[in-house]
Visitor: 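Take a look at the following structure, please.
Below, each value reflects all heavy atoms present in this structure, side chains not excepted, and no hydrogens, waters or symmetry copies.
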Amino acid sequence: MTDAPMVLAERVSKNFGTNKVLRGISLEVDPGEVLCIVGPSGSGKSTFLRCINHLERVDGGRLSVDGQLVGYRQKGDKLYELKLKEAAFQRQEIGMVFQRFNLFPHLTAVENIILAPMRVKGLSKANATARAMELLDRVGLGDKGEAYPAHLSGGQQQRVAIARALAMDPKLMLFDEPTSALDPELVGEVLDVMKELAKSGMTMIVVTHEMGFAREVADTLVFMDEGVVVEAGPPREILSNPQHDRTKAFLSKVL
């Protein structure tokens, strides 16, 4: 492992009007690390995730991925926001999986996966399709390449969405509550794919309500509330022996 963190957040703040959603978040994620973020609704978890790939611009502080400033360039002691095209180019190295699967309904599973590698990376259709089939195999859907989203369960659609994110060969994967829109019996199949990804050494930041997954897979667990990191550390320690009253109150409701 290199000494440089894959993700470095330094005093990151974000406001929506007068609402301070992030209030000086500082944390780092090493290459190959799995960081899970938990906390009540409205605590800023998803907003922080969206700031990491500049889907939301930060109002203060700075974020770097793999040593590169996200969304900005620095000249002297001033930061200048990147143009949309530059930010999009930077974003292609960061995979993101959302609550809702966001698959194109008129495209098959394979067509959903090959779209970005062909358009953004210039892959030939043959190469992109071969890679898409490999990835569908990896997420347990090798026989669903020609299926349209409407003919797939929610869990299958989310696994296609994960394959689509992986098709860009990202160095970092962000998951924003990837199982919260699923029926309970479909949650396990998505978490199994995420566990396999973690084992393979993918750097991952996961906003989740799945405490069992966090305990089993995360290297670090972060509890956020009201836009701040209240507590962070090894998941088993935090889940069994939280130090802060806010963490204790939250965990007493969800465990």
Side-chain angles (χ1 to χ4, degrees), residues 1-16 21-37 44-98 102 113 115-123 128 131 135 161-176 178 194 197-198 200-207 218-222 224 227-229 232:
M1 268 193 194
T2 60
D3 292 338
M6 178 61 78
V7 179
L8 180 62
E10 303 171 275
R11 302 178 305 282
V12 171
S13 60
K14 171 70 186 169
N15 309 322
F16 291 114
V21 182
L22 299 176
R23 303 162 181 255
I25 299 278
S26 293
L27 51 82
E28 53 185 76
V29 184
D30 289 326
E33 184 178 353
V34 178
L35 178 100
C36 280
I37 304 176
K45 309 181 300 290
S46 294
T47 299
F48 176 62
L49 218 55
R50 291 170 67 82
C51 288
I52 293 172
N53 62 2
H54 204 58
L55 289 174
E56 299 285 357
R57 54 194 290 274
V58 301
D59 292 313
R62 47 200 286 156
L63 269 162
S64 308
V65 171
D66 202 17
Q68 262 199 323
L69 207 54
V70 171
Y72 295 87
R73 78 160 55 84
Q74 186 162 358
K75 273 192 181 166
D77 53 3
K78 275 198 157 175
L79 292 183
Y80 298 90
E81 191 167 9
L82 296 181
K83 295 191 172 77
L84 284 174
K85 206 169 180 180
E86 294 172 299
F89 182 76
Q90 203 177 49
R91 199 177 289 130
Q92 72 184 36
E93 298 202 297
I94 304 171
M96 185 146 184
V97 178
F98 300 87
N102 297 345
I113 294 168
L115 200 61
M118 286 172 63
R119 277 193 185 169
V120 180
K121 291 198 154 181
L123 250 62
R131 174 86 174 119
L135 289 168
I162 293 172
R164 178 180 59 183
L166 291 173
M168 293 296 286
D169 293 318
K171 55 176 72 166
L172 169 68
M173 283 285 282
L174 308 175
F175 292 87
D176 188 8
M194 292 168 64
L197 263 185
S200 75
M202 175 63 77
T203 312
M204 294 161 57
I205 301 180
V206 184
V207 170
D219 299 295
T220 305
L221 183 67
V222 168
M224 274 180 72
V228 299
V229 171

Visitor: Compare every heavy atom of Leu22 with every heavy atom of Cys51, then report the nearest pair and how far apart it is.
Guide: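 Shortest heavy-atom separation between Cys51 and Leu22 comes out as SG-CD1, 4.1 Å.
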Visitor: Is there a side-chain contact between Thr203 and Lys171 in this structure, where contact means two heavy atoms from C-beta onward sitting under 4.5 Å apart?
Guide: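 Contact flag for Thr203/Lys171 side chains = no.
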Visitor: Going by heavy atoms in the side chains, are Leu197 and Ile162 under 4.5 Å from each other?
Guide: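 Contact flag for Leu197/Ile162 side chains = yes.
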Visitor: Any side-chain heavy atom of Phe98 within less than 4.5 Å of one from Arg50?
Guide: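 With C-beta onward as the side chain, the pair touches.
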Visitor: Looking at Pro170 and Gly95, what are the two nearest heavy atoms and their distance?
Guide: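 Taking every non-hydrogen atom into account, CB-N, 3.4 Å.
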Visitor: I need the Glu93 CD to Asn53 CG distance, nearest 0.5 Å.
Guide: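 Spacing of CD (Glu93) from CG (Asn53) equals 12.5 Å.
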Visitor: Within a strict 4.5 Å, meaning less than it, do heavy atoms of the Glu28 and Glu10 side chains meet?
Guide: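 In short, these two side chains do not touch, never coming nearer than 4.5 Å.
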Visitor: Just verifying a value: how many Å separate Leu174 CG and Arg91 CZ, rounded to the nearest 0.5 Å?
Guide: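 The CG atom of Leu174 sits 11.0 Å away from the CZ atom of Arg91.
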Visitor: Measure across Ser64 and Leu69 and return the closest heavy-atom pair with its distance rounded to 0.1 Å.
Guide: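 Scanning both residues, the minimum pair turns out to be OG-CD1, 4.0 Å.
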Visitor: Can you check side chain to side chain contact (heavy atoms under 4.5 Å, CB included) on Val21 and Glu56, steps first, answer last?
Guide: CA-CA 12 Å; Val21 182; Glu56 299 285 357; over 6 Å; no
Visitor: Please report the C-alpha distance between His54 and Leu82 in whole Å, then the side-chain angles of each, then the deciding distance to 0.1 Å, and finally whether the side chain to side chain contact (heavy atoms under 4.5 Å, CB included) criterion is met.
Guide: CA-CA 10 Å; His54 204 58; Leu82 296 181; 5.9 Å; no
Visitor: Do Arg62 and Leu8 have side chains that approach each other closer than 4.5 Å (heavy atoms only, starting at C-beta)?
Guide: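 Side-chain contact under 4.5 Å: no.
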Visitor: Checking Lys121 side chain against Ala116 main chain: does a donor-acceptor pair fall under 3.5 Å?
Guide: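 No; zero donor-acceptor contacts below 3.5 Å.
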Visitor: A side-chain contact here means heavy atoms from C-beta on lying under 4.5 Å apart; do Phe48 and Val229 qualify?
Guide: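 With C-beta onward as the side chain, the pair stays apart.
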Visitor: Going by heavy atoms in the side chains, are Met194 and Val97 under 4.5 Å from each other?
Guide: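 No; the side chains remain at least 4.5 Å from each other.
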Visitor: With rounding to the nearest 0.5 Å, note down the distance linking CD in Gln92 to CE in Met168.
Guide: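 Reported value, rounded in 0.5 Å steps: 4.5 Å.
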Visitor: For Asp30 and Pro5, which heavy atoms make the closest approach, and how far apart are they?
Guide: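 It is OD1-CA, 4.1 Å.
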Visitor: With side chains defined as the heavy atoms from C-beta onward, is the minimum distance between Ile25 and Leu27 less than 4.5 Å?
Guide: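 In short, these two side chains touch, coming nearer than 4.5 Å.
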Visitor: Between atom SG of Cys36 and atom NZ of Lys45, what is the distance when rounded to the nearest 0.5 Å?
Guide: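 Result: 12.0 Å between the selected atoms.
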Visitor: Using 0.5 Å steps for rounding, measure from the CE atom of Met118 to the CZ atom of Arg131.
Guide: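 It is 15.5 Å, given to the nearest 0.5 Å.
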Visitor: What are the two closest heavy atoms between Ile113 and Ala163, and how far apart are they?
Guide: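 Looking at all heavy atoms of both residues, the shortest contact is CD1-CB, 3.7 Å.
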Visitor: First locate atom CE of Met96, then atom CE of Met173, and finally report the distance between them rounded to the nearest 0.5 Å.
Guide: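 Interatomic distance, Met96 CE to Met173 CE, rounded to 0.5 Å: 10.5 Å.
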Visitor: Of all heavy-atom pairs between Ile205 and Leu49, which one has the smallest distance, and what is that distance?
Guide: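 Nearest heavy atoms, Ile205 then Leu49: CG2-CD1, 3.6 Å.
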